[in-house]
Amino acid sequence: MDRLLVGGGRRLQGAVRIMGAKNSALKLMAASLLAEGRTEIENVPRIVDCFTMAEVLQHLGAEVAWDDSTLTIDTAGARGIETPYELVRKMRASIVVLGPLLARFGRAKVAMPGGCNIGSRKIDLHLKGFERMGVRFSYEHGYLEGVAPNLHGAFVSLDFPSVGATENVLMAAVGASGTTVIENAAREPEIQDLAQMLVEMGAKIEGAGTTSIEIEGTSSFQAVCHRVVPDRIEAGTFAIAACITGGELFLEDARADHLDLVLDKLGEAGAVIRVEERGLSVAMAERPLSVDLVTLPYPGFPTDLQPQMMALMAIARGTSIITENVFESRFMFVDELNRMGADIRTEGHHAVIRGVDQLSAAPVRALDIRAGAAMVIAGLAADGVTEISNIYHVDRGYEGFDGRLAALGADIRREPSLWPALA
Ligand code: EPU
């Protein structure tokens, strides 16, 4: 597998355009299954996860074509209802096709996702919601099959504001008969983006972006053209990269209103942030100050920026405490940061980070998408050249991350695998 070699000590400077949000694009792609016709989605990041979702749609019989960052999905021939294990294993988000397939065909079969590097990640809340809407599930040979001869609206109260469960139930509810109410719904901007596209397609939805979403089912959807919301996690990642190098970046298209708490925390750490018409600029002149943070569902501090923030706190003046409330195994990368000289101790879902003066380069692994980004960020500030392996994780979530960082002044290059045939 390719590796990234990151030389530390260069200040990042310049402007970078923030791409469309991965976690929105994937669901918008799934939502295209509701309509019969050609959906166009603009501003789709060209990343491995979106390629995998394109494969899922093709497997279901849709035709998918890329033109730069615009994706055209023609669902006229999409009659399949089964998503195989090879695809769900590559990307567990493939299970969001359940909702639209149940709405359109009254049946869906998906391989049951396993755990992943950030936790066991159950899908019980998705299934409970569907069951309330009249879906009967059977489970055999690793596959889950749902049948809904009469998919109907229901009152679905989620035990936890799960992003995936909210989206899956939402996409089933728009095509069910009657009214569905999702209580304790997730409020992430990506959910608002999905609801907006569904409404453009003909769905009737009130309250997306709040904890209570009400959906009046309908039976016909038209294919539309929709532009993906900018990726707040990518924006946050570049902002933190700017801070750790004492640099200054303009994040074109970044939405400050989706990053409230992140910008507050970076401000507390000493960053100077200016919100401008076409994006925001982030600069940090001094070594960061330590800040504490707690991850929570939106509008709380995003778990998807916790590892990157941990890398920044690793060189902060003082001690910080980071509490991870969303995924139980999202501290696994801490050992990798400690291999670079960080002083981090974890106890359950708390991490105590004693800032050190300097990180030192070491060979490390990217354990998941965001942990991989954190390793790159740590490498930008370390003494020497950090070698990061398993970088396919980074490629799953960030388009051209190394090239864009290099354009901003980073010393970063990709070293192709010595054994490409095995990669
Ligand atoms: N959970 C359950 N049961 C369920 C569903 C979720 O117990 O049925 C638990 C999970 O195990 C987890 C927590 O609830 O501990 C949150 O899970 P959620 O369903 O909210 O997350 P998700 O939909 O699986 C999406 C993003 C993640 C992001 C989380 C939280 C996509 C494709 N993925 O996952 O993004 O961390 O929401 O914001 O949208 C990433 O981009 O790197 C990433 C992991």
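Ligands are counted one by one from 1 in listed order, and the atoms in each one are counted from 1 as well. None of the values given here were measured: they were computed from a predicted structure.
- Scanning for salt bridge (charged side-chain N to carboxylate O under 4.0 Å, His left out) contacts around Arg278 gives Glu252, with sequence neighbours left out.
- Electrostatic pairing of Lys265 and Glu268 counts as a salt bridge here, judged by a charged N lying under 4.0 Å from a carboxylate O.
- Proximity of Lys27 to ligand 1, defined as any heavy-atom pair under 4.0 Å, is confined to the side chain (atoms from C-beta onward).
- A donor and an acceptor atom, one from each side chain of Thr323 and His350, are located under 3.5 Å apart.
- Using modelled atom types and a 3.5 Å distance limit, the side chains of Glu183 and Ser212 yield a donor-acceptor pair.
- Given atom 32 (C) of ligand 1, the protein heavy atom at minimum distance is Asn23 OD1, 3.3 Å.
- Residue His126 approaches ligand 1 through these ligand atoms, each under 4.0 Å from one of its heavy atoms: 8 (O).
- At a heavy-atom cutoff of 4.0 Å, ligand 1 is contacted by the side chain of Thr303 but not by its backbone.
- Remark: minimum distance from atom 3 (N) of ligand 1 to any protein heavy atom is reached at Asp124 OD1, 2.6 Å.
- Within the 4.0 Å cut-off (strictly below), a protein heavy atom is located near atom 16 (C) of ligand 1.
- The pair Arg330-Glu324 does not count as a salt bridge, with every side-chain nitrogen at least 4.0 angstrom from each carboxylate oxygen.
- The aromatic rings of Phe401 and Phe238 sit perpendicular to each other, their planes meeting at more than 60°, with 30° as the lower class boundary.
- One N or O on the side chain of Asn184 and one on the backbone of Leu158 form a donor-acceptor pair closer than 3.5 Å.
- For ligand 1, the atoms sitting less than 4.0 Å from at least one non-hydrogen atom of Ile123 are 4 (C), 8 (O), numbered in the order shown with element in parentheses.
- Under the salt bridge (charged side-chain N to carboxylate O under 4.0 Å, His left out) criterion, Glu234 pairs with Arg404, sequence neighbours left out.
- No donor-acceptor contact under 3.5 angstrom links the side chains of Glu36 and Thr75, judged on distance only.
- Heavy-atom proximity to Gly164, at under 4.0 Å, picks out these atoms of ligand 1: 19 (O), 23 (O).
- Under 4.0 Å is where a charged nitrogen must lie from a carboxylate oxygen, and between Arg414 and Asp395 at least one such pair does.
- Ligand 1 lies nowhere less than 4.0 angstrom from a heavy atom belonging to Lys128.
- Residue Ala93 has at least one heavy-atom neighbour below 4.0 Å for each of these atoms of ligand 1: 32 (C).
- The shortest N/O to N/O separation between Leu125 and ligand 1 falls below 3.5 Å.
- Atom 19 (O) of ligand 1 has as its closest protein heavy atom Ser162 OG, 2.6 Å.
- Counting protein heavy atoms only, atom 28 (C) of ligand 1 is closest to Asp304 OD2, 3.3 Å.
- Of the listed options Met91, Lys122, Arg92, Lys122 places a heavy atom closest to atom 1 (N) of ligand 1.
- Remark: Arg107 fails to qualify as a cation-pi partner of Phe105 under the 6.0 Å distance and 45° angle criteria applied to the six-membered ring.
- The atoms of ligand 1 that sit less than 4.0 Å from any heavy atom of Arg330 are 36 (O), 42 (O), 44 (C).
- Contacts of Val326 with ligand 1, taken as heavy-atom pairs under 4.0 Å, involve both backbone and side chain.
- Polar contact with ligand 1: absent for Phe327 (N/O pair, distance under 3.5 Å).
- Those atoms of ligand 1 that come under 4.0 Å of a heavy atom in Lys22, given as number and element, are 40 (C), 41 (O).
- Within a 6.0 Å sphere centred on CZ of Arg17, other residues, nucleotides and ligands contribute more than 12 heavy atoms.
- No part of Met53 comes within 4.0 Å of ligand 1, judged by heavy-atom distances.
- Side-chain atoms of Asp292 come within 3.5 Å of backbone atoms of Ile321 as a donor-acceptor pair (strictly under, hydrogens ignored).
- Distance from atom 24 (O) of ligand 1 to its nearest protein heavy atom, with residue and atom name: Arg121 NH2, 2.9 Å.
- Nearest protein heavy-atom neighbour of atom 42 (O) of ligand 1: Arg370 NE, 2.9 Å.
- Looking at atom 20 (O) of ligand 1, its nearest protein heavy atom turns out to be Val163 N, 2.8 Å.
- Of all atoms in ligand 1, numbered sequentially from 1 with element shown, those under 4.0 Å from a heavy atom of Phe160 are 13 (C), 14 (O), 16 (C).
- Contacts between Ala165 and ligand 1, counted as non-hydrogen atom pairs separated by less than 4.0 Å, are absent for every part of the residue.
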With side chain to side chain contact (heavy atoms under 4.5 Å, CB included) as the test, would you mind laying out the steps for Glu190 and Arg232 before giving the verdict?
-> CA-CA 9 Å; Glu190 294 75 32; Arg232 64 198 164 98; 2.9 Å; yes

